[in-house]
Amino acid sequence: MSALIARVGIPYPGKQAEAYEFAKKRTDAINKAYGVNTELFIRFGGPVGEIVGLTRHASVAEIEAVKRKIIAATNKGDIPTSPDHLFASVHEYIWLQP
């Protein structure tokens, strides 16, 4: 069963451009290192500058395998992490395609 991850970040006021640049940098690093294709979007309306990254996977097992690699690389400093002042909140949602 294929799956989609939506990673949603709401930047602090006045930090929208900086937050998007960070999200692009992190996304590019993950896409390059793990062969995934995360696409970034900025919300039209709603919280100003809200960012979503969408990634499709063949299965939830694939998500888990990639996430474990990303977490390990992030902990080693190979993947950039967000400074505390950029995002008010970040959430991940996993959607399954029946």
Side-chain angles (χ1 to χ4, degrees):
M1 182 178 302
S2 65
L4 173 93
I5 294 181
R7 184 175 179 90
V8 180
I10 299 176
Y12 283 112
K15 297 294 184 177
Q16 292 87 355
E18 189 178 350
Y20 179 79
E21 288 306 314
F22 164 76
K24 177 136 181 52
K25 182 178 175 181
R26 181 172 169 88
T27 297
D28 289 348
I30 290 170
N31 286 349
K32 181 179 178 184
Y34 303 106
V36 297
N37 182 31
T38 300
E39 299 177 278
L40 289 179
F41 296 88
I42 297 175
R43 186 172 176 176
F44 181 76
V48 175
E50 185 175 24
I51 300 165
V52 65
L54 300 175
T55 311
R56 288 173 172 70
H57 294 273
S59 66
V60 174
E62 181 181 286
I63 291 172
E64 182 181 9
V66 171
K67 289 288 286 178
R68 287 182 184 277
K69 291 176 185 176
I70 292 170
I71 290 167
T74 299
N75 289 339
K76 288 193 309 187
D78 296 339
I79 303 286
T81 57
S82 173
D84 291 338
H85 69 278
L86 288 185
F87 292 95
S89 66
V90 176
H91 302 281
E92 280 190 346
Y93 304 94
I94 299 175
W95 301 85
L96 300 177
Q97 186 175 30

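As the structure is a computational prediction, the values presented were derived from the model and not from experiment.
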Novice: If I take atom CZ from residue Arg56 and atom CD from residue Glu39, how far apart are they, to the nearest 0.5 angstrom?
Specialist: 6.5 Å
Novice: If you look at every heavy atom in Ala73 and Tyr34, which pair is closest and at what distance?
Specialist: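 Where Ala73 meets Tyr34 most closely, the heavy atoms are CB-OH, 3.2 Å.
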Novice: Verify the neighbour count for atom NZ of Lys69: are there more than 12 heavy atoms of other residues, nucleotides or ligands below 6.0 Å?
Specialist: no
Novice: From Glu62 CD over to Thr55 OG1, what is the distance, rounded to the nearest 0.5 angstrom?
Specialist: 10.5 Å
Novice: Assigning hydrophobic clusters by single linkage (Ile, Leu, Val, Met, Phe, Trp, Tyr; side-chain heavy-atom cutoff under 4.5 Å), is Leu40 placed with Leu86?
Specialist: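 Same cluster.
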Novice: Give me the atom names and distance for the closest heavy-atom approach of Gly49 to Gln16.
Specialist: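 Shortest heavy-atom contact: CA-CG, 3.6 Å.
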Novice: If you round to the nearest 0.5 Å, how far is CD1 of Ile63 from CD1 of Ile70?
Specialist: 10.5 Å
Novice: Just distance, no hydrogens or angles: give the donor-acceptor pairs under 3.5 Å from side chains in residues 1-9, sequence neighbours left out.
Specialist:
{"unit_1": "Ser2", "atom_1": "OG", "unit_2": "Gln97", "atom_2": "OE1", "d": "2.7"}
{"unit_1": "Arg7", "atom_1": "NH1", "unit_2": "Glu92", "atom_2": "OE2", "d": "2.8"}

Novice: Just verifying a value: how many Å separate Ile79 CD1 and Ile71 CD1, rounded to the nearest 0.5 Å?
Specialist: 11.5 Å
Novice: Counting only heavy atoms not in Asp84 (residues, nucleotides, ligands), do more than 12 fall under 6.0 Å from its CG?
Specialist: no
Novice: Minimum heavy-atom separation for Val36 and Val66, please, with both atom names.
Specialist: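 Of all heavy-atom pairs spanning Val36 and Val66, the closest is CG1-CG1, 4.2 Å.
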Novice: Are Tyr20 and Tyr12 connected, step by step, through hydrophobic side chains (Ile, Leu, Val, Met, Phe, Trp, Tyr) whose heavy atoms are closer than 4.5 Å?
Specialist: no
Novice: Salt bridge check: are Lys32 and Asp28 linked by an N-O gap of less than 4.0 Å?
Specialist: no
Novice: In terms of hydrophobic clusters joined by side-chain contacts under 4.5 Å, are Val52 and Tyr93 together?
Specialist: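 Yes, it is one cluster - the side chains of Val52 and Tyr93 are joined through contacts under 4.5 Å.
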Novice: Which value, rounded to the nearest 0.5 Å, describes the distance between Phe87 atom CZ and Glu50 atom CD?
Specialist: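 Result: 10.5 Å between the selected atoms.
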Novice: Any donor and acceptor pair, going by atom type alone, linking the side chain of Glu21 with main-chain N or O of Ala19 inside 3.5 Å?
Specialist: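 Not a single qualifying donor-acceptor pair exists.
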Novice: Is there a side chain to side chain contact (heavy atoms under 4.5 Å, CB included) between Glu64 and His57 once you walk through the steps?
Specialist: CA-CA 10 Å; Glu64 182 181 9; His57 294 273; over 6 Å; no
Novice: Same cluster or not: are Leu54 and Ile42 linked, directly or through other Ile, Leu, Val, Met, Phe, Trp or Tyr residues, by side-chain heavy atoms under 4.5 angstrom apart?
Specialist: no
